[in-house]
Structure formats: structure tokens, C-alpha cells
Undergrad: 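Here it is: the structure, laid out below.
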Amino acid sequence: MSQSNSTIIEKKSNPLTKSFEPQAFESSTYQFWSESGCFDSSDTNAPGQQSFCIVIPPPNVTGVLHMGHALTNTIQDTLVRWRRMSGDNTLWLPGTDHAGIATQTQVEKAIAKEGKGPTGRPLTRHDLGREKFLERTWKWKDEHAGEITNQLKRLGSSLDWKRERFTMDEGCSAAVREVFVRLYEEKLIYRGERIINWCCRCQTALSDLEVIPTDRKGYFWHLRYKIVEKDGTPVKNPDGGAAELVIATTRPETLLGDTAVAVHPEDERYTHLHGKYAVLPLLGRIIPVITDSYVEREFGTGALKITPAHDFNDADLGQKHGLPIISVMGKDGKITAEGGPYAGLKFTEAREKVLADLEAQSLLVKKEDHAQKVGLCQRCDSVAEPMISKQWFVKIEPLAKPAVEAVETGKIEFSPKNWEKTYFEWMRNIRDWCISRQLWWGHQIPAWYCVNCEGVTVSRAAPEKCSACGAGASQLKQDEDVLDTWFSSALWPFATLGWPQKTAALQTFYPTSILETGFDIIFFWVARMIMMGIHFMDEVPFKKVYLHAMVRDEKGEKMSKSKGNVIDPLVLINEHGADPLRFTLTAMAGQGRDIKLSVDRVEGYRAFANKIWNATKFFHLQFEEAQGGPQVSGSAVGPIAEPEGGAAAWLQEHRGSLSPTNRWILSRLQQCTTTVEKGFAQFELNESANALYEFVWREVCDWYIEFSKIPLRQGGAAREQSLITLAHVLEQTFRLMHPIMPFVTEELWQSLPWKKPANTPARVRDGKPAVMTLMFQSFPKAQDSWIDIKAEQTVRQLQNIVEAIRNFRGENNISPKVEFPVRYTTSSAAVPGFLADHHAEILALCRIQSLEAASGTSEGQEFQAVIPLSEPQLEFRISLAGLVNVDEEVKRVKKEMERVAADLEFVRAKLSKESFTAKAPPALVDKERAREKELADKLAELSAGLARLAKLSGGQS
RNA sequence: GCGAGCGUAGCUCAGCGGGAGAGCAUCGCCUUCACACGGCGAGGGUCGCAGGUUCAAUCCCUGCCGCUCGCACCA
């Protein structure tokens, strides 16, 4: 469906408000972009075009936007907008994650509030049943999914919404089943009974990563074990006493499941116990004393109890020594039948009772304080218990190896690079990945068990018969468990592009260009995407991994709801606009440091948005006046015609006659362009942001616009060239700033005259209409030919002059309204000409009455104040009469002299060292010598001035 | 314990081999025809501590102290 090329999609534009009011235009601007197809990517590149693709780290579908989202999406949007303007076929792919436990928990809470179950307890998902519960959860998802996506839109994210995905949509689900079946067939997925982490509250298995080791205050209980022979005969110590072993433990209740005690083989204290047995307190079980160098002799008593069913390290030791495994703690949080008299007790109750019984039998030696780590469930903060359970696992080593190589060989690069070390560390010591979860919300495991033969059938779709015994479908029951949410996330870069189908999008956009995310999910997500991507696509999923910092509150603490220190990005957007927030995050996104976000900073950048807003308004006032609107300065010449071929071409053509200040700002624009582009390309967005801030505020607004007021008032050709220069500079600046501040730049750009519609290469090829938008304007390229050293030097000198006079005024508290005459002397032949050329600029910016060469010595008496300058080389003279208190001026001169004298002393000290003059680069030595002379001259001039003042002061008093 | 990062102005941060900068906050002058979300000026820092390399160190190296984050088998 192609439309005529002559059609242009335009935005309805409004006159600029008095000041920057983001609420007035942000949402309508987003809507315009969206409706005009500005976010669309094409399945295929236009000839010569490159693709650029980022897949969004999918936020939880029922989540709300927090500062971390705001940061990652601002960074991604900035990169994406930059590449789009640079001509790439750009896809930023949106989507959300079903977030198994998190979402299920939310729905369960909602149900619990709704009513009571048959037993009078709050309703649980079991009261509803799986089918009804999933129905509820889908409904919940449909109701809440819009929130996070709308919030992403509020941020300005240029996501291609037409390609939005969800980890549980049909395509992703098909990809999940495909991957599961293939890995199963390759024997990289297996089902086994192993020790896993179990959350008794969530009632599900967890992966290692989902368990957070947390410091807890605990105790060390020292327990006495009697030592016997295998047949139960007591063993005596060499000294004749009954042999025993004291073991320190933090978890006495687990002794119910002990199947050995261990000592270090070379621990001389315990040599006599080798090959003996211990009597398990309370239960009386006879268990072996084993030796293993794993035991730390210095820690505790140097003896260790082994509970293979409830401790990961004990499980390893148990396997190594062939120990039996006794599960005494159940998934329901209670002691199992194996626990004998303690069966049915909750773990905490069991501990109390075990301790009481030990105490009663005098088997408890002592109790001491001990800081320990307890594994807590990442989602619910309750204790996660290691236990033996039958679960599905991914055999990870064969997948990890190529994933490590991809980073080693540089096929994937991390930035900052030091994260590679973290990645390697984890990947080289990786354990098999437990992927089954005892939840309902998620991808149900595509495995069916045969009632008949207990065989397992793994299949992409519901099987018709048992793969083992051939029994019919009615004999097959699907595994009730679902997969770890991260299992589907691992497929995100290719599943979202249509895999396992061989789609054009997959061809065009895989591997994706950049992955941008937080370092906290390197293991959860990044590593797993790399493994799955390489395995199924034969190609890495992305070439670069950019890891941003953590956003914290202004005190450096992690933002969390419970601490109440959360800064809500939506509140900031409502109050100050998306652009100031984006600019703040970008400016602070330097690498290697946490981002401590302060609202002050956002307000500061809001002022920045307002600044460029008003600079644009200034342009309009001047431009409209030139077009014959209301005359402010009263020097109307004909209207400014639209420059043929655009402002850039016009400037190129009139280059020879451009004023120094116009040449200067065009030169500075190139420097700024270079820095901004470099920052984007090297993932140093803060460099880009800072360069823009400096350029716009310090150079364009503080100096250029002030200079330009003179030719603008002058009218005629001078006005024309300044207006065209200003229009060009603003227009180019909007382009440079647009990736970071999309809304305000679009709004201001729309207001400019002479704008042209633009299109992307793929849209041109597809015959789609051009759009009048900044989004499609080409990103500026720095042009060295516009760099003008001479103009930069000229302006530098003007700035020195203006600053010197302003300093005199400020230090003496002279009101800006008071204009005074200034004289100068110079020994340079060039200076009088320079001052004459820039007479108007100096008078205007210094707000002085006149600037003339001092004539003869009589004026030397009258114009007592002295302001020496070295670049340009001159000395200003100002009469103090009626202007300044002489004593105040004496103070100022003395202060200045002190400063100069200190500098001079330092330079002389440096030059007096032969080591310096001999070994430092000659150019530097010359520079210091020149500086010495400069400072000495300056000091002499100040000194002469002070002498004149002293005479005056003496005469007055 | 191992690994990584950070310690620069009151606060938040840049700089990272030739005598330290910004924003906010503070003080003074100013409603000057783009902007008081503004302009001009000022004050404020032995750049965590101690050594070393260098003609020269906030910047490079080593050690220590402090904060943060990963990883780890200290029961």
C-alpha cells in the first residue's frame, strides 16, 4: 500500500509558550510520531542501509516504571534515535515479561483479599483450581499490561510498538517448547532428583541465583557425639576416657538427617577416631566418621556434621563418600516421618525441641553467638531451604563453554570491560540450572508422564501416545510445573524476531546490535541469552553488552519501597517533563559509579530546557521583526528570503563575508558535534550531554546571542547573515540534542522556518510519505572545514576584554546601569585596529560609555584605575570619579596583585630548576618563559596603578 | 577470604601527568527590550592517608583506611 511521495505528514504546531511547559506538548508529540509511523522499522534494509537493533529488557508485565527502567530506556532510546537519524534501519523492540513468581504472587494476594475459603482461611489459588486461576491471571495481565507500556511512552521511548511481544504470547511459547524439546533430545535437559533450593512460602524450587545469601545473627551450638565401633561398642581415648566428638552447628535440627560426621584427615586431635563411628544424638543412629580435606581445622571444633539432604556442600561430600541421603525436612516446612519423634513439627519448633532434648541429655556443650548467612527467597524474603527434589535441569556446561569463548574472542564485548571478569568467574564455575518451578503462571513444561508405564514423553504439542509404551493420550498427564521465567527470557533476542520460523526480521536484525541492561542481571539474563543464542542461532545474540550503573537515592542507598526512598520517575515527568529527567540520567550515566539521583539536578536541567526554549524565542522575535512584524529596533529592511538550498548552503556560499562571531559559533558547532557523536559511539553519553550543555548555555546563549544583538539591530545584510547563522545553529543543535531530549527539540524544531520533511531510506524505498519531523532529519556530521582557529582566537580575546571589565564592575559593586568611559594603552600595533573592529561588541557587552586610546599623561592622572590584559596586550584605564570608592579599588588591585605575584613566583620557581628546563619538553619551557614575562608585566602595571591610587587616596584623606 | 568499583568545593558529580572544574546551595549587584527556570561578580578544595616512579602526580605504581557491590565451602 504505497502512497504518493508528494504527500507529507505534518504535525499541527502551536505557537511557543512563554516558557518551557512540557505538559503542553509531550503527549501530543508522542502521538504524532506514533501515528506517522516514525517508530516503524522495516523487515529488510534498503540498499546500502545497515540495521540497528536493540531488544528491550522486558519489564514485568504488571510492573510499574521505576528509576532503573527510566535509566535503561533513556539510554536505549538515545542510542536508537541517534542511529535512526544516522540512517540505519532501526528496530527497538518492545515487550513485557510474564514474571512467573512476581505476577502469580500479585494475583494470589488479590484473591486472598476477596474472600474466605471453605475452611475459613483466605482464598488460595488451590481453591480456584489451575484453570480458573490462570484465567484470572490472564485477565490481571490484560488489565495491567498497559500501565508499564504507557509509562514507557511517557518517557518518549521510540519503540516499534507494532512488534510488541510478550514472553507468553503464542510465538514465544512456541519457541520455548521448541527449545525445550531440542535440548531434551540433545540430552541437555534432564529430570533428576537432586538438591535444590526450596521456598516454603512460594512452594517452588528456585535456582541458585534466586536465593540471596543474607547476614543473620545466629548461634553456634556445640553438640557432643559419642564415638563407637561399628557394632556400637564404645571407643576409649588413649587416656582411657570415653571417646567423643564435639561438633559445632548453626542448624541443630538438621542433625535428624545426618548420615556422617567429618574431620580433616591430618587433624591430629582426631586421628584416633578415623574409621570409627558416631552415635547420632537423639535418634541413636550409628553414622561413620569420615575424613576429608574439605574440613577446615581452624573453624568451629574442626569437626563437621554431614546432612546430604539439606546442605549443598554436604550433598557434594555425601556423593563423594557414598553416604545415604535422608530427607527430614518437607516442602510444607515441617519435619518428615524420617524425623522420628519430631515429625510434623515446623522447622523452628523442631529446633527448639531438639535443643531442649539435647540439653536434657547433657549433649549440648555450649551455645555462642555467630554471624551467619541464610539464603532468602529473592521474591518473598523467606528462608529458602536446600532439599532433595525431583526437578528439571539444564546441563549447562556444554552451553557455557562456547558462551565463554564468544567473550574471550571478542565476538561479544562488555562495556565497561571489567564486567567480563565477573562473567567469566560465574560461567566457569556454573552449576546445572534448575528450570522447573512449582507455579501455575508460566510455560507449562512440555513433558507428559504415562500412567501406564511411567515413561516420559517430551513433545512440542500434546502427544497422542506414550513414546515408551504407546499408550493413548488419555493415559498421559502433562507435567504440572512451569519453567523458570528466565528460560523464556533467554530466548528473547530471537524468539521476538519470529524464531523458529526463518523470518525476514530475524535475517535482518539478528544478531542484535547492542544489549543495554543493568549488571545485576548479567547471570540471570545476559549469560543465558548468550548461551541460548549461540546454541540455537549459531551466532551470538548481540555484539555489545552495555551495562549501566545502579540508580540510588541521593544518599546512595538502594531505592526500595520499604525504605520509602523511591523517587518515582512518573512524578518527575509530570512535574518537570520527560526531557529534563532524560537529560539528568544521561548526564549522570558515567561509567563505574552508581547514580545518586537528586531532584535538584533534574530541576537544573529543566532550567536548561527552558534556556534553549527562550533562545529559540529570541530567534523568532528577531526573525518575525525582519519579516515585517512589529519593529523593535526600528531598522527594517526587506524580509529575509528563505535561503536557497537551505541555511547550510547559504552560509557556505557567503562564507567569505561572515562576521568573526558568526564564524566562531559555526566553528564551535563543529567541535560540539564531534564530541556528541563520539560520546554516543563510545557509550559515554554523559560526554555528549555535557558538551551540549556547555555549547548551548555557555557559548550560544551567554556569548553568541549577546554578540548577535548588534548586527540584528543593525539590519540589512548583517542582520540577514546573523539570522541565518542563528537559525542554522539552532537547527543543528536540535538535531544533536534530539536523541537525549526528544520532545522539546521536536517542538522547537517544528517552530523553525524553512524546515524540510524527511524520510528514512527504507520508507523511501517503500514509497511511504515523508514526515515533517526532527526524528528523520540526518544526524549532523562534523565538518572540519568550518573550524576557524582565527575566529576562535578573536572571540577568546573579546571574552577576555569583557570579563576583565565585568570583573572590575562586579568587584566594585558598580550597577550594570552605570556606564562609564574607558581608555586604553597598548604597545601592540594590532590592538587599536582590533578594538576599532569590535568597538560595538565591547561597548555593548561591557556596558561602557566609550572606549578610546588614552591621550597623553594628563589622562593618566584622571584615569587612575588600571586593568592590564595580556591577550590582547593592552591596559584599560578607568576614571574613578563618582564611580568607585578609592579604597575599594585599592583593595581590588591589591587582591589582583597578590594573585599575579603568587602565579609569578610559582612560574619562576619552576623555571629556576635546571631539571625542569633541561628535561621538560622545550615547547613547555618556552610557554612558561612567556608566561613569566606576561605575569611580570602585569604585576608592574598593577603596581604603577596602585601607586597612582595611593597618591589619590593620600590626597583625599 | 577472593574479585570489582568508589573516596575531588556544604551537596551531587566531571576531570585523570604540566599548579583543579560544573550544577545546586551560599554571599553581593541587577527585573538591561529571549529567559528571575535569568544576567554579572564573589567566596569555598593540603583532589581519603602513607610511600614510590617522574623534571613534574589529583591523575601512574604499591600499601593502608573508609564506603558500596559481586563471588565463595567456613559448617
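First the proteins, then the strands, lettered A, B, ... as listed; each starts at 1.
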Undergrad: Compare side-chain N and O positions of A:K910 against OP1 and OP2 of B:G19 and report whether any pair is under 4.0 Å apart.
TA: yes
Undergrad: In whole Å, measure the gap between the P atoms of B:A20 and B:G5 for me.
TA: 27 Å
Undergrad: Please state how far atom CZ in A:R847 lies from atom C1' in B:U31, giving the value in whole angstrom units.
TA: 12 Å
Undergrad: Mapping A:R601 and A:E928 onto RNA chain B by nearest heavy atom, which one lands closer to the 5' end?
TA: A:R601
Undergrad: Among A:F523, A:W525, A:F519, A:F414, find the residue that satisfies the ring pair (Phe, Tyr, Trp, His ring centres under 6.0 Å) test when tested with A:Y423.
TA: A:F414
Undergrad: Could you tell me the separation between the CZ atom of A:F808 and the P atom of B:G28, rounded to a whole number of Å?
TA: 21 Å
Undergrad: Where each residue is assigned the nucleotide of RNA chain B containing its nearest heavy atom, which of A:F916 and A:L209 is assigned the position nearer the 5′ end?
TA: A:F916
Undergrad: Looking only at side-chain atoms of A:E694, point me to the closest of B:A75, B:C30, B:A22.
TA: B:A22
Undergrad: Identify which nucleotide among B:A72, B:G23, B:G5 has an atom closest to any side-chain atom of A:K373, counting heavy atoms from C-beta outward.
TA: B:A72
Undergrad: Looking across every strand, which nucleic acid part, if any, lies under 4.0 Å from A:F312 by heavy atom: base, sugar-phosphate, or nothing?
TA: nothing
Undergrad: If you compare all heavy atoms of A:L223 against all heavy atoms of A:V365, which two are closest, and at what distance to 0.1 Å?
TA: C-CG2, 4.5 Å
Undergrad: How far does the C1' atom of B:A9 sit from the matching atom of B:A25, given to the nearest Å?
TA: 11 Å
Undergrad: Over 60° means perpendicular and under 30° means parallel, so tell me whether A:Y605 and A:F583 are parallel, tilted or perpendicular.
TA: tilted
Undergrad: Between B:G7 and B:C55, how many Å separate the two C1' atoms, rounded to a whole number?
TA: 30 Å
Undergrad: I'd like the C1' distance from B:G48 over to B:U8, given in whole Å.
TA: 10 Å
Undergrad: Please report, rounded to the nearest Å, how far the P atom of B:C24 is from the NE2 atom of A:H576.
TA: 14 Å
Undergrad: Pick one: which of A:F695, A:Y693, A:F20 meets ring pair (Phe, Tyr, Trp, His ring centres under 6.0 Å) with A:F608?
TA: A:Y693
Undergrad: Consider the side chain of A:F220, meaning its heavy atoms from C-beta on, and name the nucleotide among B:C55, B:A75, B:A14 that approaches it most closely.
TA: B:A75
Undergrad: Considering every strand and a 4.0 Å limit on heavy-atom distances, what is the contact class for A:V295: base, sugar-phosphate, or nothing?
TA: base
Undergrad: When we call it a touch if two heavy atoms are under 4.0 Å apart, what does A:H370 touch: a base, just sugar-phosphate, or nothing?
TA: sugar-phosphate
Undergrad: Do other residues, nucleotides or ligands put more than 12 heavy atoms under 6.0 Å from the CD atom of A:E368?
TA: yes
Undergrad: For each nucleotide in nucleotides 34-44 of chain B, reading 5' to 3', give B when a protein heavy atom comes within less than 4.0 Å of its base, S when such contact involves only the sugar-phosphate, and - otherwise.
TA: BB-BSSSSSS-
Undergrad: What closest approach, in Å, do A:V263 and A:A303 show between heavy atoms, and which atom pair accounts for it?
TA: CG1-CB, 4.0 Å
Undergrad: Using the C1' atom on both, measure B:G1 against B:U26 and round to a whole Å.
TA: 47 Å
Undergrad: Describe the nucleic acid contact of A:P213 in one word from base, sugar-phosphate, nothing, applying a heavy-atom distance below 4.0 Å.
TA: nothing
Undergrad: Compare the ring of A:F906 with the six-membered ring in the base of B:G19 and state whether they stack (centres under 5.5 Å, planes under 30°).
TA: yes
Undergrad: Using the C1' atom in both, what is the distance from B:U62 to B:G28, to the nearest Å?
TA: 48 Å
Undergrad: Rounded to the nearest Å, what distance is computed from the CD1 atom of residue A:I290 to the P atom of nucleotide B:A75?
TA: 18 Å
Undergrad: Counting heavy atoms not belonging to A:Q319, are there more than 12 under 6.0 Å from its CD?
TA: no
Undergrad: Going by atom types only, do A:H264 and A:D292 share a side-chain donor-acceptor pair under 3.5 Å?
TA: no
Undergrad: Has A:E905 got more than 12 heavy atoms of other residues, nucleotides or ligands less than 6.0 Å from its CD?
TA: no
Undergrad: Honestly, is A:R528 close enough over A:W433, meaning NZ or CZ under 6.0 Å from the six-membered ring centre and within 45° of the axis?
TA: yes
Undergrad: Take atom CG of A:L924 and atom P of B:U54, then tell me their distance rounded to the nearest Å.
TA: 19 Å
Undergrad: Between B:C74 atom C1' and A:Y219 atom OH, what is the distance in whole Å?
TA: 20 Å
Undergrad: Name the closest nucleotide to the A:A920 side chain, picking from B:C73, B:C55, B:G19.
TA: B:C55
Undergrad: Using the criterion of both pairing distances under 3.5 Å for Watson-Crick and G-U wobble pairs, give all stems of 3 or more consecutive pairs involving RNA chain B.
TA: B:1-7 with B:65-71, B:10-13 with B:21-24, B:26-30 with B:38-42, B:48-52 with B:60-64
Undergrad: Give the nucleotide from the list B:G19, B:U12, B:C69 with an atom nearest to the side chain of A:M588.
TA: B:U12
Undergrad: Could you tell me whether A:E425 atom CD has more than 12 heavy atoms of other residues or ligands within 6.0 Å of it?
TA: no
Undergrad: A:N686 has an atom CG; how far is it from atom P of B:G23, in whole Å?
TA: 17 Å
Undergrad: Given the P atoms of B:G44 and B:C33, what is the spacing between them in whole Å?
TA: 33 Å
Undergrad: Taking 4.0 Å as the cut-off, does a side-chain nitrogen or oxygen of A:K421 come that near to OP1 or OP2 on B:A4?
TA: yes
Undergrad: If you measure from the C1' atom in B:C74 to the same atom in B:C64, how many Å do you get, rounded?
TA: 26 Å
Undergrad: Nearest of B:G70, B:C73, B:G19 to any side-chain atom of A:F523?
TA: B:G70
Undergrad: Are the side chain of A:E26 and the backbone of A:Q23 linked by a donor-acceptor contact shorter than 3.5 Å?
TA: no
Undergrad: How many Å lie between OH on A:Y423 and C1' on B:A4, as a whole number?
TA: 18 Å
